[in-house]
Amino acid sequence: MKLNEIRTRFAPSPTGYLHVGGLRTALYNYLYARQNNGKFILRIEDTDQNRKVDKAVENLIESLRWAGLEIDEGPGFGGAFGPYIQSERTELYRQHVTKLLEKGDAYRCFCTPERLAKVKEQNPNSGYDRHCRYLSDQEIKDKMDAGEAFVIRQKIPENGEIKLYDIVRGEVVFPFSEVDDQVLLKSDGFPTYHLANVIDDHYMQISHVIRGEEWLMSTPKHLLLYESFAWKAPKFAHLSLLLNSDKSKLSKRQGDVSVEDYRSKGYLKEALVNFLALLGWNPGTNEEIFSMDQLMKKFSLKKVSKSGSIFDTKKLDWMNGQYIRALSPEEFYALAIEYFPKETPWSETDRMKMFSLYQQRISRLDEIPEKVAIFTHEFPPMDNDTVRAIDVNVLTVLKVLRDLLVKEADFDQKIFVEKIQEVQKITGIKGKELWTAVRIGVAGQIHGAEINIIAEILGQQACLKRIEKVLHDFAGNN
RNA sequence: GGAGCAUUCGUCUAGUGGUUAGGACGCUGGCCUCUCACGCCGGUAACAGGGGUUCGACUCCCCUAUGCUCUACCA
């Protein structure tokens, strides 16, 4: 490893899926590392044995991979500072806790969960009462001999304050009186986040800790730990949170939060990444469409904003539409086909034509099924506006069109348009009225893509059948 | 309750003592056009409130309000 190499890490706990806020944090870490020719590390923080979820790590990695974040070191990715899963590093944590104990910066706490609950009940507005902090050596020995379970707590100084220089927030001062004696090692032998993240960040030589704002308040504990071990602390950058439209922390209750959700709804990874990058960061110019490469060049921690951002799906939709329209027909086909019925009589050429009709008309891939419904149904259902639009002129147009069409030997969009022009001459009906009638007959809708192309894809027989049906269903009513 | 952080159009944001407070999404008017959509042109809309400092505050300071975060043997 080079001296002064920039090393960032994304350190999620494996709770089952990757949260979009997590993706943004990961992205900022990734961009910062990449633009400095540094390394991006994935570390799994699974020290809570009660919250283990099957396949969670696999899902996390798959979502990161999908989004285009390349992991340099991590579980399954190699690296010289492994293992990258905290539950496999417990021995290391225990050794360091011993050092803390010897140094007097930590102490054993024998308080039972029951006593802790009682203390909390009596004084709900303050933390642990430091009951075990001043136990004598003899008392400790007796309790240990008696086999009493214990945790290790961090000994926070009684007085004074600590300063944090945060890259996005500047200087933040915390009085020690507000920091409590956090548990560092749980009675099951696993470390808490506070201990593990400090030890790992040190040994993994992390240079910049870029994480969510929820960690800001516990940073004093971490800083103190670095001091206790006489380690150089990394630089910190605390990112504001992503919010629901009511400004509460973005949560599952109010919509989709996992990147899998957005992926399956038909958002392109480029759009999601671009959108997330701009949520809390901007390049200082008016541009807002950026590829991952451009983001790597332009991203700057100094331009990250301090306040929370509402995750506005309207703008995401717009941005996704921008990316969809920028795709080549082939690229769009490859993505769109995933949303097309698996069993289909349509040829690849026909599907290609269909998709080309809708590339300009959708902002999400999952709109495709409803758009192609006019092809996948033999007789597409009509909505009320369409039914209401059917009048005697519509029927006249369709009747004449049908009569012209049956006589044709060949059929394509050009011939179709010619027939419609003939219908205009014969009936005198023209413009919007003419074409709307044709739309109703062929697509069963008054709005939509180019009707001549729709007709060509459908073919002569299908068009005739549909026109026939409209005539049959509505002729008697007029 | 306490501590910390935050506060520019509805939303994402630019701004760093002197600007007609800019852009984007959304909404909206128009153009294009057989419709819808795309695209293009235009419009709408903001400095949380109150005190200072200053010749002059969106920009600096203080107070208040509001929101958020933390306050676990979860991360």
Side-chain angles (χ1 to χ4, degrees), chain A residues 11-15 45-48 50-51 86 109 111-113 116-117 120 123-128 149-153 164 166 168-170 172-175 177-180 182-194 196-197 211-220 238 240-241 243 245-249 275 278-289 303 305-319 321-322 325 357-363 371 389 417 420 430-440 443 445-452:
Chain A
S13 59
T15 51
E45 312 228 327
D46 62 343
T47 54
D48 186 353
N50 302 319
R51 300 216 317 196
Q86 289 185 331
C109 169
C111 292
T112 60
L116 259 17
K120 184 99 198 156
N123 206 344
N125 294 334
S126 62
Y128 177 56
F150 62 88
V151 301
I152 309 289
R153 285 183 186 271
L164 162 68
D166 187 275
V168 336
R169 280 152 215 285
V172 186
V173 181
F174 302 89
S177 57
E178 296 302 323
V179 183
D180 52 62
Q182 253 296 329
V183 172
L184 297 176
L185 198 73
K186 298 181 261 185
S187 56
D188 65 0
F190 281 89
T192 59
Y193 172 86
H194 307 288
N197 102 87
R211 75 220 309 193
E213 190 184 3
E214 66 265 36
W215 297 114
L216 185 62
M217 298 302 280
S218 45
T219 308
H238 288 93
S240 63
L241 271 11
L243 275 21
S245 49
D246 66 355
K247 290 189 187 285
S248 56
K249 187 172 169 181
F275 178 69
L278 254 23
L279 232 40
W281 169 82
N282 79 86
T285 67
N286 283 338
E287 308 160 87
E288 46 185 1
I289 300 294
K303 290 191 81 69
S305 64
K306 302 190 233 296
S307 51
S309 313
I310 293 173
F311 192 92
D312 178 15
T313 51
K314 284 263 179 53
K315 185 147 188 179
L316 209 210
D317 283 350
W318 167 78
M319 190 167 278
Q322 297 294 307
R325 273 162 238 133
L357 248 24
Y358 300 114
Q359 189 171 356
Q360 302 289 310
R361 275 167 236 270
I362 58 170
S363 54
K371 292 291 183 191
V417 172
I420 291 168
K430 58 184 179 21
K432 184 172 170 177
E433 202 180 6
L434 205 215
W435 287 90
T436 300
V438 175
R439 284 184 175 284
I440 293 170
Q445 295 174 351
I446 51 175
H447 299 307
E450 291 81 357
I451 194 65
N452 53 320

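Letters go in sequence order (proteins before strands), and every chain restarts at 1.
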Identify whether any heavy atom of [X] sits under 4.0 Å from a base atom; if not, whether one sits that close to sugar-phosphate; answer base, sugar-phosphate or nothing.
X	result
A:Leu434	nothing
A:Val179	nothing
A:Val172	sugar-phosphate
A:Gln322	sugar-phosphate
A:Lys430	nothing
A:Pro12	nothing
A:Pro220	nothing
A:Ser305	sugar-phosphate
A:Gly448	base
A:Gly280	sugar-phosphate
A:Lys371	nothing
A:Arg169	sugar-phosphate
A:Thr436	nothing
A:Ser126	nothing

Any donor-acceptor pair, under 3.5 Å, between the side chain of [X] and the base of [N], if you only look at N and O atoms?
X	N	value
A:Arg361	B:C36	yes
A:Lys315	B:A24	yes
A:Arg439	B:C34	yes
A:Thr192	B:C73	no

**Report entry** Counter-base of B:G42, judged by Watson-Crick or G-U geometry with both distances under 3.5 Å
**Finding:**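 Pairing partner: B:U28.
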Query raised in the report: Which value, in whole Å, describes the distance between the P atoms of nucleotides B:G22 and B:C47?
Result: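 Straight-line distance between the two P atoms is 13 Å.
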Report task. Could you give the distance separating B:C61 and B:G23 at their C1' atoms, to the nearest angstrom? Result ->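 Comparing C1' positions in B:G23 and B:C61 gives a spacing of 31 Å.
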**Report entry** Which residue lies more 5' along RNA chain B, comparing A:Lys306 with A:Lys432 via nearest heavy atoms
**Finding:**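 Its nucleotide being nearer the 5' end, the pick is A:Lys306.
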**Report entry** Residue closer to the 5' end of RNA chain B, A:Asp46 versus A:Asp246 (nearest nucleotide)
**Finding:**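 Between the two, 5'-proximity favours A:Asp246.
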Query raised in the report: Which word best sums up how the rings of A:Trp215 and A:Tyr193 line up, parallel for under 30°, tilted for 30 to 60°, or perpendicular for over 60°?
Result: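 Parallel, since the angle between the ring planes stays under 30°.
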